[in-house]
Amino acid sequence: MYILYLASALGGLSLYLMMPRLGYNPIRIGALLGAMTLGGLWLVLAERLPEALGVERAAFAYYYVFSALAIGSATRVVTHQRPVYAALWFVMVVLACAGLLLALSAEFMAIAMVIVYGGAILVTYVFVIMLASQSGQSRDSEQSWDEAAAAQANTGYDWLSYEPAAAVAAGCVLLASLLGAAFVPLDANEAARGRTDEQVVSEYLTQRPAVRLAARVAAQGDAEGASVLASASQLTNAERVGLDLFDSHPLGLELAGVILLVSLVGAVVIARKRVELEPVRESSRDRLAGG
Amino acid sequence: MQLSMLIPMMVVLPLLSGAALLLLPSGGKAIKAHALIGTLATLGVSLLVVCRFDWSESQAIQMASAIGWVEGFGLSFGFGIDAISLWLVLLTTVLMPLVVLGSFSSVTHRFKEFYGWLMVLEAAMIGTFVATDLIFFYICFEFTLVPLYLLIGVFGGTQRLRAAKMFFLYTFTGSMLTFAGVLYVAWFNTTLPWTLFEGAGRWTFDIRTLYGSAQAMSHGQQVWVLIALLSGFAVKVPLFPVHTWLPLAHTEAPTSGSVILAGVLLKLGTYGLLRFALPMTPWAVVTIGPYIGAFAVAGILYTALICWVQKDIKKLIAYSSVSHLGFCVLGMFALNSVGVGGSILYMINHGLSTGALFLCVGMIYERMHTREMSRMGGLARIMPVWAFFMVFFCMASVGLPGLNGFVGEFLTLMGAFVATDVLGPAYAAIAGVGMILGAIYVLYMVGRVVFGPVVTLGPSLGDPSDGHGVRTDDLNWREIGVLSPLAVGCLWLGLFPTTVLQTLEAPIEGIIEPTRSILDGGVYGKGVTIDSDSERIDRDSDFPAARRVLVLFDTDRIAQP
Amino acid sequence: MSIEFAKWVPWLPAAAAVFCGLCCTNRRMRTLAAPVCIVSLVSGFLITLGVKGQIGGELSDAGTRLQVFEWIRIGGLNADFAYYLDTLTVLMLLVVTGVGSLVAIYAAGYMAGDRGYARFFAAVSLFIFAMTTLVMADNLVLLYLGWEGVGLCSYLLIGYYYQKPSAVAAAKKAFIVNRIGDLGFALGIMLIYHQFGTVHFSTFTADGVVYPGLFEHCSRLTLAQVETPVLVIPFLLMLGAFGKSAQLPLYVWLPDAMEGPTPVSALIHAATMVTAGVYMIARLLPVFELSPYALPTVAVVGGATALFAATIALRQHDIKRVFAYSTVSQLGYMFLGVGVLSTVGGVFHLFTHAFFKALLFLTAGSVMHGLAGQLDMRKMSGLRTKMPVTCWLMFVGCLALAGFPFTAGFFSKDMILAAAMDRGLTGQGTMYTVLGIAGLFTALLTAYYTFRVWFRVFMGPTEYEMGEEHAAVEDTPTDGNEADPSADTSIDDGNIKVEHHHDAHEMGWLMNGPLVVLAVGALLAGWLGHADSSGHSWLLSVIEGSSANPTRMVEAAAGHAEAHTMLLGMELHTAMMVISSCLSVLGILVAAYLHWFNRPAADRLAEQWSGSARVLENKYFVDEAMDAVIVKPLRMMGYLCFVFDRLVIEGLVLAVGWVPRIGGLAVRRTQRGALQGYGIGMAVGVAVVAVLIAMVR
Amino acid sequence: MHHAVLSHFLLTGAVLFVLGLIGFLSRRNLIVMFLCTEMMFQGVVVTLGAFSRFHANDTGQTFVIFVLTIAAAEAALALGLVVLLFRRRGTLDVQAWGRLRG
């Protein structure tokens with residue numbers, strides 16, 4: 001258990017080092033330290049994996065790849081000084097997550113993530129970043145950090161993080177407790193949960209919604225419908241998700257529709273009003289100086 | 001009209017006339033006249049109540065009835081009057097017209113508000129004295145704060161806002177604790193088996209039933225309830241450590257405000273102690289009584305000394321009324337009929353004499369626009385009539401025999417002296433020194449202001465001089481008309497106090513009966529109710545020497561003191 | 001005349017007081033005040049004379065009780081307005097109303113033309129009301145009413161010239177010192193009530209119930225049964241008596257009381273008020289007899305005061321101050337008399353002293369009146385040519401005071417000293433002999449300082465300085481800035497005959513008449529008390545008939561006194577008479593030598609003893625000491641308390657007020673408006689909760 | 001799917017979520033903050049996927065869809081607001097919006 005706490009602490013420290021700040025940014029050291037902690041953690045956790053992983057073992061390799069990719073790019077998103085790069089790193093995170101989902105045999109979701117999330121949402125982000133921060137210019141080397149900060153008077157806010165220590169600390173404690181919760185079954189009555197993969201798969205196959213749907217339709221005496229359904233037990237992931245979505249979560253679907261409509265109308269209303277520039281009461285320079 | 005209608009009329013009448021004031025045209029004359037008529041009408045009703053009051057059995061609550069409010073919780077506006085509350089109501093209704101008459105020249109703006117709030121204040125005061133339901137009492141007790149807060153805040157002197165705020169918050173926090181104590185008692189009543197006494201076991205706020213429930217409490221509970229009651233009433237009485245709000249409130253209040261504050265409002269505290277602390281928590285009163293007595297005595301000396309060094313004449317009188325009420329509390333906690341009788345009489349006397357003193361000072365303030373003694377002197381030379389009244393009321397407040405102050409003071413000291421089981425000779429002796437100090441500071445003030453070479457310097461830098469200069473004309477007929485009834489009252493109570501004392505004998509007996517049965521019998525089982533009348537055990541503590549002598553007489557014919 | 005009339009004696013002056021009070025309001029009625037007051041006093045005197053017959057006669061021991069109305073009745077304590085009349089009361093009433101009316105008549109002349117004329121007589125008649133109530137009171141509370149009422153009137157009358165700050169201060173001092181004494185008296189009353197359950201003297205039955213009086217209790221209580229609290233009672237009462245009669249610890253107010261007009265000093269501070277203490281002890285003798293140590297203490301204090309005051313009087317230069325100290329010392333004699341159980345001697349001396357001391361004061365008043373307010377002896381001499389009548393009247397007074405043989409003072413003083421020596425020699429304690437000798441020495445001093453005044457003022461070359469006051473009109477604008485808007489004073493000068501003599505002049509007969517009566521009294525009063533052949537004087541019968549009859553102690557001492565003690569070969573009484581007359585003559589001769597024939601010798605003597613002379617002149621610095629030891633510290637404590645009150649108690653309250661405010665400030669810092677600050681707050685919250693859940697599970 | 005495997009996936013999800021949280025709390029550029037909220041969504045998506053796989057039913061995945069819709073809605077509105085804020089204050093710094101304070 002304490003390995004988890006140690007790891008999250010080290011992770012936090014590394015992240016803290018990578019945080020953007022004025023003057024010298026020890027970003028490389030932070031990255032190195034972070035990678036090492038992650039690697040070390042995985043090594044420790046690896047030997048706890050049951051040997052008889054069965055069919056999944058190959059897929060599990062992907063987990064390491066995609067997780068490392070996701071976590072690495074996530075740290076870059078958080079710590080990068082330029083918002084545009086942060087957005088791009090986030091695209092990488094999305095892709096990594098899609099990979100993970102694939103490892104979890106949720107193909108439809110993976111593809112949906114890539115298309116909807118990566119494609120649509122992040123594109124809008126990049127678009128807005130471009131729109132809103134064209135006044136920010138990069139720091140050319142011969143300028144000293146202070147001049148750069150001064151030059152970036154009103155956009156210097158990217159160069160500085162707000163109370164990094166407190167944020168990281170809070171994050172780590174939260175992480176520690178989450179991990180604590182996640183790995184508890186490890187030590188708890190492990191035997192109780194010892195179902196092997198096969199049992200899971202077979203159990204899964206028999207309980208699939210289609211089969212249940214078929215049984216229900218059969219119960220209603222529509223033999224022909226039932227047989228179609230029964231034959232469809234070998235449905236693909238996308239079909240299963242679709243069935244499950246409409247079969248057991250109709251309300252959720254409707255709400256999702258409503259939310260999307262509301263956000264659509266909201267976005268239109270917000271963007272419509274002409275808004276004059278209100279002078280900032282105290283310029284961000286004081287804010288900057290104030291820290 | 002129907003007997004029990006009288007009291008609610010007495011409470012509602014000032015409210016109605018206060019409201020009617022608002023409808024009048026805003027000219028000063030009409031409002032003043034109306035206010036006077038209103039207060040005189042209330043006086044008339046109270047005199048009617050006095051006539052209809054059956055003096056033979058003055059202990060029972062007469063003309064009692066109740067207007068239902070929240071039946072579920074037993075909340076009702078119960079009212080009724082016994083001898084003690086009757087005299088205090090009479091003090092209020094007598095003082096009010098005089099105050100209104102006295103304030104004609106001092107109030108120059110916002111007449112409606114002034115007289116309106118004054119009438120509301122009167123209604124609240126009368127309400128407090130006639131209430132037999134705890135919540136009704138508490139509502140009126142609290143409601144007296146609002147009008148006075150506004151009177152001081154709007155019509156006061158330079159620091160009026162601070163004074164008003166302090167006055168309100170100080171008294172209010174105190175009475176919050178009292179409310180807690182009261183609620184505890186009411187709750188405790190619901191926990192009692194309903195067979196214990198009539199009214200037990202259910203939510204009721206009737207004072208008589210709560211006497212029973214409070215007395216059934218254990219000693220510890222009673223101590224806590226007493227402390228709660230004390231915190232509210234001690235602030236109102238200004239018992240020694242919690243008196244700092246009074247001098248501030250008095251110096252900043254307008255004349256009529258401070259007359260009513262000194263005349264009646266301070267009595268709410270002592271009346272509260274008398275009506276609640278003594279009968280409700282007898283066991284705690286017996287144990288804590290000596291300490292409260294010690295506080296009262298300390299207060300008497302402490303404030304008397306302070307009076308001596310005061311420069312502001314109104315602050316001097318304010319501190320002196322703290323010292324006087326120390327006597328009142330001392331007498332009350334002597335727990336014998338001489339002491340308690342003396343303290344009730346003291347309440348009425350203090351109301352008359354200190355009220356009159358404040359009126360005199362107010363008249364001087366109207367003329368000299370300053371209250372500092374150093375800026376005025378030898379007024380007897382130019383204002384002889386005022387000087388006569390001033391010396392007369394000073395002598396009354398110092399406790400000169402033949403005037404009312406003496407009877408109250410002497411009886412309280414006598415009561416404290418004889419109550420060897422609770423207080424004792426030491427208390428009376430030290431409080432007696434307070435009498436000397438009283439003479440010292442009053443004569444110091446009289447020597448500076450009334451006698452000595454003539455000095456009329458008018459307002460100093462500190463005082464707000466509203467333009468016109470110093471007037472040194474003597475009292476006009478109106479002002480004499482205000483002061484003379486008070487003077488006659490002082491003389492009457494000085495020479496014929498039996499008119500009051502005889503009627504108080506029975507109610508006092510009722511109030512000190514529980515504490516007396518503890519002191520004498522000592523047998524006070526927990527939960528044993530008091531309604532078993534313990535027969536008058538021959539007290540050995542009283543009159544030891546007399547006892548030895550009486551053996552020689554055939555004692556059955558001797559009046560047992 | 002039925003005894004019921006006695007009820008009116010106090011209420012007539014009360015009515016007069018009210019009338020004079022009303023007279024104050026307008027000027028025309030002002031002159032009416034004096035006659036009304038005098039009439040009320042004289043009628044009181046006549047009523048007492050009329051009633052005297054009844055009282056002396058039918059009831060031998062207990063006095064009659066006259067109920068006027070119920071005053072205070074509550075819980076066992078009943079103090080009614082009731083009068084207790086016995087021979088002692090009648091004697092006192094005679095003194096009070098008699099001397100009172102004489103002084104009032106004198107004052108009518110003396111105060112003529114004064115602005116506060118009506119106020120003066122209102123206060124005098126109120127005083128007589130209080131004094132008569134005091135003397136006739138049946139219960140201690142009513143006596144206390146008279147006691148403090150008298151204190152009030154002395155305050156008003158001493159402070160009569162209220163424009164003078166010294167008079168105001170003197171009045172305040174008198175009232176406060178009296179109040180200190182009254183506290184002791186009040187505590188005594190309370191202790192009596194606590195021990196005996198009653199405060200009234202006589203036993204009376206009201207609607208079938210018997211209320212046993214105080215005397216009843218005392219008479220039945222044997223010495224053995226007396227517990228300690230009862231022993232304390234006399235000492236408390238003594239405190240009250242000494243306060244009122246200006247004895248040693250509390251005498252400081254009497255010399256300052258001379259600030260008041262002279263008739264006041266004569267009436268109140270010589271004849272009536274100051275004797276209230278003696279009357280009280282005489283009245284409450286049964287209580288005093290209960291404790292063996294009480295009366296000896298009274299005697300010792302009396303003797304000490306007599307000696308102490310006499311020494312101070314030697315070097316005083318103000319005539320009225322000399323007589324004031326002589327009054328203190330004569331009062332010491334009276335207490336000595338009562339202390340040595342010869343209440344007869346004490347009361348007799350009180351009776352005679354009233355006459356000659358009033359005479360002396362009034363004559364001094366005439367001198368002052370004549371010399372426009374001049375009172376300093378050194379600035380006047382040889383006035384016999386200017387004011388012969390006053391001179392010889394004062395001579396008679398001085399003789400009586402000095403105890404010249406066969407004058408009133410001689411008999412009464414001799415009776416006291418004889419009693420003291422008698423108890424001393426019959427072996428009841430050498431203390432009494434010491435007191436007797438001290439008394440004799442004081443008699444010598446008294447003779448000396450009385451005639452020092454007389455010779456200094458009336459004998460020798462007639463040169464004198466007029467005082468600065470215009471004696472006639474008290475309030476002519478003396479200081480410029482006195483804003484005196486009331487125009488009436490100007491009319492005042494016009495209509496009242498004011499003879500602006502700029503020279504010493506003899507008084508009119510309105511003033512000298514009463515003086516002659518007093519002079520006759522001073523001479524003949526002695527014979528009333530002198531035991532004629534049967535050893536039974538009028539005065540003895542008065543004392544036997546009253547509660548002041550020392551029954552118990554005398555019986556206890558009776559065992560010793562059968563054989564007549566012998567002194568210097570003669571029977572004790574005659575011996576004492578011889579000794580005291582020699583002493584008084586010696587005193588007079590010494591005074592004559594030093595202050596008439598050879599004044600420089602007196603001055604030389606003063607230089608030699610300059611140290612002690614200065615001490616005596618400044619009254620042993622008692623006033624300064626009293627001020628420094630008591631007044632200053634008390635006032636300092638007052639300031640301390642006031643500062644304490646404002647800073648600490650009020651501070652505490654305000655501090656409580658500040659707690660929420662400070663708390664608010666602390667919390668406010670967290671709300672800095674930074675969005676992310678709140679974010680972190682939330683995150684930390686979630687983290688903590690998560691940790692707690694983890695720990696709990 | 002063995003729960004040890006599940007734990008791993010949960011590890012990743014948790015780390016992603018916490019990184020997003022830290023980013024939100026520390027970065028001062030409004031848009032980056034919203035980006036970090038999106039990051040948190042990603043963490044949740046991974047966790048949902050893992051549980052869906054572990055419990056072998058598709059509820060997890062349907063919820064991923066819902067998460068997606070929420071993320072989309074949120075992004076639309078948030079960015080609208082950000083544009084508005086930017087036009088109002090001329091800066092994307094979150095500190096500029098500190099008027100609502102004690």
Side-chain angles (χ1 to χ4, degrees), chain A residues 15 19 48-50 63 67 70-71 74-75 77-78 83 86-87 90 93 97 100-101 104 106 109 116 121 124-125 128-129 132 154 157-158 161-162 164 167-168 171 174-175 178-179 182-183 185 193 200 204 240-241 244-245 249 252 256 259-260 263 266-267 270-271 275 277-278 280 284 287, chain D residues 1-5 7-12 14-16 18-19 21-23 25-29 31-32 35-36 38-39 42 45-46 49-50 52-53 56 58-59 61-62 64-66 68-73 75-77 79-84 86-93 95-96:
Chain A
L15 189 66
M19 273 293 167
R48 292 199 185 208
L49 285 177
Y63 163 74
S67 293
I71 291 173
T75 43
V77 163
V78 171
F90 186 69
V93 167
C97 287
L100 279 176
L101 284 176
L104 291 165
M109 280 294 82
V116 171
I121 297 177
T124 17
Y125 265 93
V128 168
I129 288 172
N154 53 4
Y157 39 79
D158 293 337
S161 62
Y162 172 86
V168 166
L174 197 60
L175 182 64
L178 288 177
L179 296 186
F183 287 88
R193 307 200 50 78
V200 165
Y204 170 70
R240 280 203 308 280
V241 165
D244 183 70
L245 189 64
H249 296 288
I259 287 174
L260 283 175
S263 69
I270 288 172
V275 169
L277 184 66
E278 188 199 322
V280 173
S284 52
R287 172 76 48 200
Chain D
M1 177 189 190
H2 191 278
H3 70 271
V5 174
S7 312
H8 277 71
F9 280 98
L10 293 185
L11 167 79
T12 321
V15 167
L16 281 180
V18 165
L19 279 174
L21 177 69
I22 292 173
L25 294 181
S26 58
R27 290 309 297 271
R28 294 182 45 186
N29 182 335
I31 298 172
V32 173
L35 209 59
C36 296
E38 297 301 325
M39 174 79 78
Q42 278 312 100
V45 161
V46 168
S52 155
R53 177 72 180 80
D58 302 330
T59 326
Q61 293 177 18
T62 40
V64 166
I65 293 173
F66 291 145
L68 263 180
T69 51
I70 301 294
L77 282 177
L79 292 180
L81 279 174
V82 163
V83 167
L84 194 70
F86 178 73
R87 270 208 231 112
R88 171 62 69 91
R89 278 286 162 73
T91 162
L92 279 175
D93 182 356
Q95 302 279 340

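Both backbone and side-chain heavy atoms feed into the values below; hydrogens, waters and symmetry mates do not. All figures in this text were calculated on a predicted structure; none of them were measured in a lab. Just so we're on the same page: letters track the sequence lines, and every chain starts at 1.
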Is Ser26(D) close to Met19(A) at the side-chain level, that is, under 4.5 Å between some pair of heavy atoms? yes
On a heavy-atom basis, the closest approach of Leu104(A) and Gly49(D) is CD1-C, 3.5 Å
Restricting to non-hydrogen atoms, name the atom on Phe90(A) and the atom on Gln42(D) that form the minimum distance, rounded to 0.1 Å. CZ-CG, 3.8 Å
Would you give the length of the straight line joining atom NE2 of His8(D) to atom CG of Leu100(A), rounded to the nearest 0.5 angstrom? 12.0 Å
Which bit of Leu245(A) comes within less than 4.5 Å of chain D, counting heavy atoms only: side chain, backbone, both or neither? both
Assess whether side chain to side chain contact (heavy atoms under 4.5 Å, CB included) is satisfied between Gln61(D) and Asp244(A), documenting all intermediate values. CA-CA 9 Å; Gln61(D) 293 177 18; Asp244(A) 183 70; over 6 Å; no
Most chain A-contacting option - heavy-atom pairs closer than 4.5 Å, from Ile70(D), Ile65(D), Leu21(D): Ile65(D)
What pair of heavy atoms forms the shortest contact from Val64(D) to Met109(A), and how long is it? CG1-SD, 3.1 Å
Identify the two heavy atoms, one from Ala75(D) and one from Ile121(A), that lie closest to each other, and give their separation to 0.1 Å. CB-CG2, 3.6 Å
With a 4.5 Å cut-off on heavy-atom pairs, point out which of Leu25(D), Ile22(D), Leu10(D) contacts chain A the most. Ile22(D)
In Å and rounded to the nearest 0.5 Å, what is the CG to CG distance from Leu11(D) to Leu175(A)? 7.5 Å
For each of Ala70(A), Ala267(A), Cys97(A), Ala87(A), tally heavy-atom pairs with chain D at distances under 4.5 Å, and name the one with the top tally. Cys97(A)
Run the side-chain contact (heavy atoms from CB on, under 4.5 Å) test against Thr75(A) and tell me which residues pass, sequence neighbours left out. Leu15(A), Met18(A), Leu19(D)
Relative to chain D, which of Leu101(A), Ile259(A), Ile71(A) shows the most heavy atom pairs under 4.5 Å? Ile71(A)
Side-chain donor/acceptor of Arg27(D) to backbone N/O of Val78(A), under 3.5 Å: yes
Top residue by heavy-atom pair count (under 4.5 Å) with chain D, among Gly266(A), Ala86(A), Gly252(A)? Gly252(A)
Please classify the contact of Ser52(D) with chain A as side chain, backbone, both or neither, using a heavy-atom distance under 4.5 Å. neither
In terms of heavy-atom proximity below 4.5 Å to chain A, should Val83(D) be classed as side chain, backbone, both, or neither? side chain
Taking C-beta and beyond as the side chain, do Pro83(A) and Asn29(D) meet within less than 4.5 Å on heavy atoms? yes
Counting heavy-atom pairs under 4.5 angstrom with chain D, the leader among Val241(A), Val116(A), Leu178(A), Val77(A) is Val241(A)
side-chain contact (heavy atoms from CB on, under 4.5 Å) against Leu79(D), all qualifying residues, sequence neighbours excluded: Thr124(A), Tyr125(A), Val128(A)
Among Val46(D), Val45(D), Thr12(D), Leu16(D), residue most engaged with chain A (heavy-atom pairs, under 4.5 Å): Thr12(D)
